[in-house]
Amino acid sequence: MSGESGTPPTIADVARLAGVSKGAVSLALNDKPGVSDETRQRIKLAAASLNWRPSIHARAMLRSRAFAVGLILARDPRQLAVDPFFAGFLGGVETVLAGSGSVLVLQVVGEDAEVEAECYRRLVTERRIDGAFLLDIRADDQRPALLGELGLATVAVGPATADFGGLPAVGVRDGDGIAAAVDHLVRLGHRKIAFVEGAPAYAHSASRLEAWRATMAANGLPAVLHDAGHFTGDGGAAATRRLLVHQPTAIVYASDLMAIAGMSVAREAGLSLPGDLSITGFDDNPEAAHLHPPLTTVRQDPVSIGASAAELLLAQIDGNETRPETPSPQLIVRASTAPPNR
């Protein structure tokens with residue numbers, strides 16, 4: 001059954017069939033008080049017989065909801081294009097949002113903190129989002145306080161050891177992956193293990209550096225050879241050149257992109273892999289298994305992380321509680337690591 005002249009049914013059609021006002025339909029279908037149980041049931045039966053469902057716009061008007069969540073990224077778009085975490089994270093978010101009736105509002109604003117803050121203010125002022133994801137947690141991050149002031153439901157995503165400013169968070173145990181890589185190299189007999197971190201301002205970079213330091217110390221080894229590659233190929237290559245001066249037998253990288261660049265630099269320096277130098281990465285990019293030699297790396301699950309974050313954010317918006325869990329990262333051992341030959 002449809003509305004008049006074969007048009008799709010409307011809330012007015014439901015109200016007419018049930019013999020009530022449109023306001024009563026709104027109350028009944030949103031499970032609000034103000035109508036009797038008998039009337040509520042009659043309205044729901046009328047809506048079902050018409051096969052009527054409120055549009056996103058109608059639901060937003062009825063519930064004072066935008067049915068949208070936001071993600072603002074203050075990153076160079078060129079870096080995002082080569083970062084596999086974000087694609088997987090977004091995929092996980094969408095798997096949850098698809099069944100919720102909400103959509104994702106994504107903005108990439110470049111590396112400008114004030115522009116990022118203004119985006120949050122505008123989205124909240126214009127009531128375009130019901131909540132937001134907060135990624136790339138930084139040292140002395142001012143965004144948790146800002147989002148608290150704006151009264152926006154927010155879920156942070158970052159290392160489990162990070163300071164989220166009191167926000168609900170999905171804690172990622174990426175340090176466990178770095179620790180597993182170092183332990184693997186130590187078991188192979190390496191003692192001079194260097195580390196290439198990402199961008200020092202980010203909490204996930206600092207957590208990986210700290211995990212390398214702590215695991216080296218736990219194995220009685222000095223944690224002195226490290227450099228920053230800023231999660232880029234060029235940065236990873238430059239850091240590798242500086243570290244090779246000190247002749248490490250192994251280098252642990254905080255991302256596959258930097259590790260792949262490091263492998264190229266090592267070959268240019270006349271080193272064999274893994275005979276002269278063992279290398280590990282982080283992310284398990286699709287190409288990691290197809291390099292020569294295939295890259296030993298840490299596999300995390302950004303899809304699960306994104307899904308957990310979306311579940312937690314929707315629960316925050318609805319006033320519910322949930323405790324999503326994320327899997328621990330897994331060390332994938334391939335042929336880029338071997339016992340040292342010196």
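Predicted model only: the values in this text are computed from it and were never measured. Index from 1, following the sequence.
- Using a 4.5 Å heavy-atom cutoff, the side chains of Trp212 and Glu197 are not in contact.
- Within the 4.5 Å cutoff, side-chain heavy atoms of Arg122 are placed close to those of Cys119.
- You'll find the side chain of Glu287 reaches within 4.5 Å of the side chain of Ile260, heavy atoms only.
- Using a 4.5 Å cut-off on side-chain heavy atoms (C-beta onward), Met263 and Pro293 make contact.
- Note that the OH atom of Tyr120 and the CD atom of Gln107 stand 9.5 Å from one another [nearest 0.5 Å].
- Of the possible polar contacts, one joining the Arg42 side chain to the Ala18 backbone as a donor-acceptor pair under 3.5 Å is found.
- Looking only at distances, a side-chain donor or acceptor of Arg173 sits under 3.5 Å from a matching main-chain atom of Thr326.
- Contact record, Ala266 with Leu273: CB-CD2, 4.0 Å, taken as the closest heavy-atom pair.
- In terms of modelled atom types and a separation under 3.5 Å, the side chain of Ser264 and the main chain of Ala261 share no donor-acceptor contact.
- Between the side chain of Ser205 and the main chain of Ala199, a donor-acceptor pair closer than 3.5 Å is present.
- Pro168 pairs in a side-chain contact (heavy atoms from CB on, under 4.5 Å) with only one of the listed residues (Thr322, Thr154, Leu312), which is Leu312.
- Side-chain atoms of Ser308 do not come within 3.5 Å of backbone N or O of Ile305 as any donor-acceptor pair.
- Contact detail for Phe164 and Ala156: the closest heavy-atom pair is CD2-CB, 3.4 Å.
- From Arg299, atom CZ reaches atom CG of Asp284 across 4.5 Å, with rounding to the nearest 0.5 Å.
- A donor-acceptor pair under 3.5 Å is formed between the side chain of Ser336 and the backbone N or O of Ile279.
- No side-chain donor-acceptor contact under 3.5 Å links Thr296 and His184.
- Residues His204 and Phe85 place their aromatic rings such that the two centres sit no closer than 6.0 Å.
- In plain terms, the two heavy atoms of Arg208 and Phe231 that are nearest each other are NH1-CE2, 4.0 Å.
- Contact annotation: the side chain of Ile332 approaches that of Arg334 to within less than 4.5 Å [non-hydrogen atoms, C-beta and beyond].
- Between the side chain of Thr297 and the backbone N or O of Thr280 there is no donor-acceptor pair closer than 3.5 Å.
- Proximity of a side-chain donor or acceptor of Lys192 to a complementary backbone N or O of His246 within less than 3.5 Å is detected.
- Counting only heavy atoms from C-beta outward, the side chains of Leu90 and Leu106 approach each other to under 4.5 Å.
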Which is it for Arg121 and Leu146 under the side chain to side chain contact (heavy atoms under 4.5 Å, CB included) test, yes or no, and what are the steps along the way? CA-CA 9 Å; Arg121 295 188 189 99; Leu146 170 64; 4.0 Å; yes
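- Taking 4.5 Å as the limit, some side-chain heavy atom of Val170 sits within range of a side-chain heavy atom of Val155.
- Relative to the six-membered ring of Tyr202, Arg75 meets both conditions, a distance below 6.0 Å and an angle of at most 45° to the axis.
- Sequence neighbours left out, the pairs with a member in residues 222-235 that pass side chain to side chain donor-acceptor pair (under 3.5 Å) are Arg213-His226, Asp227-Arg242.
- Here Gln247 contributes atom CD and Leu271 contributes atom CG; the two are 9.0 Å apart, rounded to the nearest 0.5 Å.
- Shown are Leu71, Asp76, Leu80; of these, the side-chain contact (heavy atoms from CB on, under 4.5 Å) with Val108 is made only by Leu80.
- Nearest heavy atom pair, residue Ile129 against residue Val69, reads CG2-C, 3.9 Å.
- One N or O on the side chain of Ser278 and one on the backbone of Ala338 form a donor-acceptor pair closer than 3.5 Å.
- Taking the side chain as every heavy atom from C-beta outward, Gln300 and Phe282 approach each other to under 4.5 Å.
- The hydrophobic clustering, which links ILVMFWY residues whose side-chain heavy atoms are closer than 4.5 Å, places Val196 and Val186 apart.
- Legend: residues meeting salt bridge (Lys or Arg N to Asp or Glu O under 4.0 Å) with Asp183, ordered by chain and number and at least two apart, are absent.
- Cluster membership for Leu104 and Leu313, using ILVMFWY side-chain heavy atoms within less than 4.5 angstrom, is shared.
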Let's go through Asp136 and Phe86 carefully: what are the C-alpha distance in whole Å and the side-chain angles of both, what is the deciding distance for side chain to side chain contact (heavy atoms under 4.5 Å, CB included) to 0.1 Å, and is it a yes or a no? CA-CA 11 Å; Asp136 289 339; Phe86 286 104; 3.9 Å; yes
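- With values rounded to the nearest 0.5 angstrom, Ser328 atom OG is found 11.0 Å from Asp301 atom CG.
- Scanning both residues, Ala194 and Pro248, for their nearest heavy atoms gives CB-CB, 4.0 Å.
- In the hydrophobic clustering of ILVMFWY residues, with side-chain heavy atoms under 4.5 Å counting as a link, Val252 and Val298 come out together.
- By the criterion of side-chain heavy atoms lying less than 4.5 angstrom apart, applied directly or through intervening Ile, Leu, Val, Met, Phe, Trp or Tyr residues, Val224 is not grouped with Ile193; the two fall into different hydrophobic clusters.
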Take Glu118 and Val115, measure what side chain to side chain contact (heavy atoms under 4.5 Å, CB included) needs, and give me the verdict at the end. CA-CA 5 Å; Glu118 184 54 36; Val115 172; 5.7 Å; no
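- Contacts classified as side chain to side chain donor-acceptor pair (under 3.5 Å) and involving residues 140-149 (residues at least two apart or in different chains) are given here: Glu116-Arg143, Asp141-Arg143.
- The minimum heavy-atom distance between Ser49 and Leu17, with the atom names listed, is OG-CD2, 3.3 Å.
- We find the CD1-CG distance between Ile317 and Asp130 to be 5.0 Å, quoted to the nearest 0.5 Å.
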Evaluate the side chain to side chain contact (heavy atoms under 4.5 Å, CB included) criterion for residues Ile72 and Leu123: first the C-alpha distance (whole Å), next the side-chain angles of each, then the deciding distance (0.1 Å), finally the verdict. CA-CA 10 Å; Ile72 299 174; Leu123 290 174; 3.9 Å; yes
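- Each of Val96 and Phe67 belongs to its own hydrophobic cluster when Ile, Leu, Val, Met, Phe, Trp and Tyr are linked at side-chain heavy-atom distances under 4.5 angstrom.
- With values rounded to the nearest 0.5 angstrom, Glu210 atom CD is found 12.0 Å from Ile178 atom CD1.
- Asp283 places no side-chain N or O within donor-acceptor distance of the main-chain N or O of Asn285, the cut-off being under 3.5 Å.
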